[in-house]
Amino acid sequence: MRQNATVRIDQARCIGSGQCVLAAPDVFDQSDDDGLGLVLIAEPPAELLPAVRDAVDRCPAQVVTLEE
Ligand code: SF4
């Protein structure tokens, strides 16, 4: 069996733009406290990976990573 894909946000460099949430609302959220991006599903199922890849592309700070 292949290993699950893993998604991460480097919160230290996140600028809270929310592009990740727009791209993949099932996988990302923004903190109510500081607006930083949050990962809701660290190992998203295959059907969500296209949206996660979109989030990786759209993050202006380039701090969303997907290890596949
Ligand atoms: S798109 Fe990038 S910079 Fe914007 S909230 Fe998400 S992780 Fe942070």
Side-chain angles (χ1 to χ4, degrees):
M1 211 176 89
R2 68 185 276 282
Q3 254 191 319
N4 291 337
T6 306
V7 58
R8 292 191 182 84
I9 290 175
D10 178 357
Q11 283 202 322
R13 296 190 297 132
C14 168
I15 59 172
S17 70
Q19 293 299 314
C20 53
V21 184
L22 291 175
D26 292 329
V27 179
F28 301 100
D29 198 0
Q30 270 181 287
S31 165
D32 290 334
D33 296 328
D34 52 20
L36 296 183
L38 303 171
V39 176
L40 300 178
I41 307 177
E43 297 185 357
E47 64 266 27
L48 292 179
L49 293 183
V52 173
R53 291 187 198 106
D54 193 28
V56 171
D57 289 344
R58 288 165 65 166
C59 174
Q62 299 185 329
V63 296
V64 181
T65 54
L66 177 65
E67 266 178 43
E68 298 191 68

So CG of L38 and CG of D32: to nearest 0.5 Å the spacing works out to 8.5 Å
* For T6 and L66, run side-chain contact (heavy atoms from CB on, under 4.5 Å): C-alpha distance rounded to whole Å, both residues' side-chain angles, the deciding distance at 0.1 Å, then the answer. => CA-CA 6 Å; T6 306; L66 177 65; over 6 Å; no
Please tabulate, for the side chains in residues 57-65, all donor-acceptor contacts under 3.5 angstrom to protein atoms that are two or more places apart in sequence or on a different chain.
{"from": "R58", "atom 1": "NH1", "to": "D54", "atom 2": "OD2", "distance (Å)": "3.2"}

Cut-off 3.5 Å, no hydrogens considered: what does the side-chain donor-acceptor table look like for residues 13-29, sequence neighbours left out?
{"from": "R13", "atom 1": "NE", "to": "D10", "atom 2": "OD2", "distance (Å)": "2.8"}
{"from": "S17", "atom 1": "OG", "to": "Q19", "atom 2": "N", "distance (Å)": "3.4"}

Residues passing the side chain to side chain contact (heavy atoms under 4.5 Å, CB included) test with D34, sequence neighbours excluded, are S31, L36
Minimal heavy-atom distance between V52 and P44, with the atoms involved, is CG2-CG, 4.1 Å
Closest non-hydrogen atoms of N4 and E43, given as atom of the first, atom of the second and distance, are ND2-OE1, 2.8 Å
With sequence neighbours left out, the residues meeting side-chain hydrogen bond (donor to acceptor under 3.5 Å, both in side chains) with E67 are R8
